[in-house]
Amino acid sequence: MENENLEIIKNNKRCKDFYLEITHEDKETHARVGLLHTPHGVFETPMFMPVGTLATVKTLSPEELYDMGAQVILANTYHLHLRPGEDIVAKAGGVHKFMNYKNAMLTDSGGFQVFSLAKKRDIKEEGVTFKSHLNGDKIFFSPEIVIGIEEKIGADIIMSFDECIPYPSSYEYVKNSTLRTIRWAKRGLDAKTRTDQALFGIVQGGEFEDLREMCAKELVKMDFDGYSIGGTSIGEPKDVCYKMIDYAIKYLPYDKPRYLMGVGSLDYILGAIEKGVDMMDCVLPTRIARHGTLMTHNGRINIKNTKYKEDFTPLDPECNCYTCRNYTRAYLRHLYVADETFGKRLLSLHNTAFLLEITKGAREAIKENRFKEYKEEVLRKYGDARGF
RNA sequence: GGAGGGGUAGCGAAGAGGCUAAACGCGGUUGACUGUAAAUCAAUUCCUUCGGGUUCGGCAGUUCGAAUCUGCCCCCCUCCA
């Protein structure tokens with residue numbers, strides 16, 4: 001094993017402090033556990049990464065994230081570029097120092113905003129022109145500009161600029177977009193100057209097997225530090241999402257990290273881990289928490305429901321997070337109904353801790369070759385056909 | 001005692017003869033949220049066995065038709081004595 005690791009380090013030409021150490025693979029599935037070494041520490045995989053778009057995981061402090069076992073978080077290039085601007089972040093000494101977060105960080109490139117801000121942008125070969133959602137300013141993002149911004153922000157892992165393709169889209173559209181994303185990936189790679197950041201390529205290709213394959217193969221040829229699967233969990237049926245993962249993952253190198261973007265429901269997380277995914281991120285736990293929905297070992301609950309008014313039990317009796325150790329559903333409901341900030345904090349904390357706990361359990365199960373059992377038991381108890 | 005203003009659904013508040021079971025806001029209830037334009041958004045909120053039934057302080061009228069017009073009564077507020 002050690003010799004293999006050395007080989008991986010030697011072969012990595014891009015980021016000198018970055019490599020995946022796979023420590024065990026589940027006997028029955030493709031699930032695997034490992035240690036991802038980054039310039040800001042090592043984190044265990046598979047790992048769920050909370051999203052901190054604006055250099056903050058909404059309502060949570062870095063200490064709280066650390067305590068719940070979040071070993072890596074995201075930030076967003078588009079949003080930080082608009083506010084406060086990457087130069088400010090660079091002046092602060094990089095995003096870690098800026099936000100006082102000591103563990104690994106990853107920046108998304110703005111590729112998702114090409115999708116989510118579709119009404120405010122125009123895609124051309126050279127890049128994407130956004131109309132700022134804040135003040136209407138014209139913002140131009142090319143693959144080279146994006147890498148430049150990400151280098152100033154200074155996360156450990158940076159993402160190539162891509163287009164997150166809407167679903168459904170025609171074969172023709174997906175093909176053209178995917179080919180462009182591949183060209184953009186190359187341009188970003190060529191523009192990269194720092195050697196203390198890992199750069200990931202993003203596999204697009206929509207629901208089409210040949211396009212996913214083509215994209216994965218082309219990106220692998222470029223030898224990125226890791227690969228992600230994009231364009232998923234944007235409203236497509238569940239089986240389509242799993243297919244998109246299958247179509248891409250088999251062409252990704254075994255020894256490089258695989259990152260499924262934007263996935264945060266329990267069944268997707270466990271389903272992805274089963275297929276050999278190492279990292280995933282999602283706003284779901286924090287967003288739905290702020291809106292009163294909580295994930296528990298026994299299913300989703302909506303804390304604003306009247307039935308919790310006099311429920312003096314913990315949110316999730318099987319959860320050991322700060323919220324569940326110290327507060328009752330009745331109190332959490334009260335805080336939510338009264339629109340108290342502390343409520344949103346406690347709920348965000350729980351949901352995030354819950355997903356981290358589930359992935360931690362997954363890692364332990366993989367080490368003991370009982371991942372499938374673990375997954376089925378967790379989902380059975382969760383018992384929600386929608387997978388939330 | 002005199003002058004004026006007002007009583008509309010849980011609350012606030014529009015409406016001044018038919019298009020009104022009654023705008024809008026709050027409150028209530030339920031739901032959605034997946035690389036965060038999201039502390040946001042949507043539905044619902046008189047009763048109902050879904051046929052219909054009962055509403056705009058009360059009662060009595062005018063009218064084909066009244067929350068809206070008339071009379072009387074009951075409450076509330078402001079100002080003057």
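Note that the structure is predicted; figures quoted are calculated from it, not measured.
Among the atoms of the strands shown, none is found under 4.0 Å from any heavy atom of A:E163. Among the heavy atoms of the strands lying under 4.0 Å from A:L74 are primed sugar atoms or P, OP1, OP2 only; no base atom is included. In this structure, A:G231 reaches the bases: a heavy-atom distance under 4.0 Å links it to at least one base atom across the strands shown. Heavy atoms of A:L106 sit nowhere under 4.0 angstrom from any nucleic acid atom. At a threshold of 4.0 angstrom between heavy atoms, the contacts of A:V337 are confined to the sugar-phosphate backbone, with no base atom among them.
Contact detail for A:A248 and A:V203: the closest heavy-atom pair is CB-CG1, 3.7 Å. Considering all non-hydrogen atoms of both residues, A:Y251 and A:A216 come closest at CB-CB, 3.7 Å.
A donor-acceptor pair is defined here as one N or O able to donate and one able to accept, closer than 3.5 Å; no such pair exists between the side chain of A:D281 and the backbone of A:P50.
Taking 4.0 angstrom as the limit, A:T306 places a side-chain polar atom (N or O) nearer than this to OP1 or OP2 of B:U29. Contact annotation: A:R300 side-chain N/O to B:U34 OP1/OP2 distance is not under 4.0 Å. When the side-chain nitrogen and oxygen atoms of A:R287 are compared with OP1 and OP2 of B:U40, none of them lie within a distance under 4.0 Å. Applying the 4.0 Å criterion to OP1 and OP2 of B:U34, one finds that A:S233 has every side-chain N and O outside that range. Remark: A:Q113 is not in phosphate contact with B:G35, judged by side-chain N or O atoms under 4.0 Å from OP1 or OP2.
In the set B:C33, B:G31, B:A37, B:G31 carries the atom at the smallest distance from any side-chain atom of A:N302. Closest contact between the side chain of A:S116 and the listed nucleotides B:A37, B:U34, B:C33 involves B:A37. Set against B:U30, B:C33, B:U36, the side chain of A:K58 has B:U36 as its closest nucleotide.
The base of B:G28 has none of its N or O atoms less than 3.5 Å from a complementary donor or acceptor on the side chain of A:K304. The base of B:U34 does not come close enough to the side chain of A:T232 for any donor and acceptor atom to sit less than 3.5 Å apart. Within 3.5 Å, no donor on the side chain of A:N76 pairs with an acceptor on the base of B:G35, nor the reverse.
Atom P of nucleotide B:U36 and atom CG of A:L60 are separated by 16 Å, given to the nearest angstrom.
For the side-chain hydrogen bond (donor to acceptor under 3.5 Å, both in side chains) test with A:K372, the passing option among A:E274, A:E377, A:E28 is A:E274; the others fail.
Judged purely by distance below 3.5 Å, without hydrogens or angles, the side chains of A:Q113 and A:N76 pair a donor atom with an acceptor atom.
In a base pair of the Watson-Crick type (N1 to N3 plus N6-O4 or O6-N4) or a G-U wobble (N1-O2 and O6-N3), with each distance short of 3.5 Å, B:U29 is matched with B:A43.
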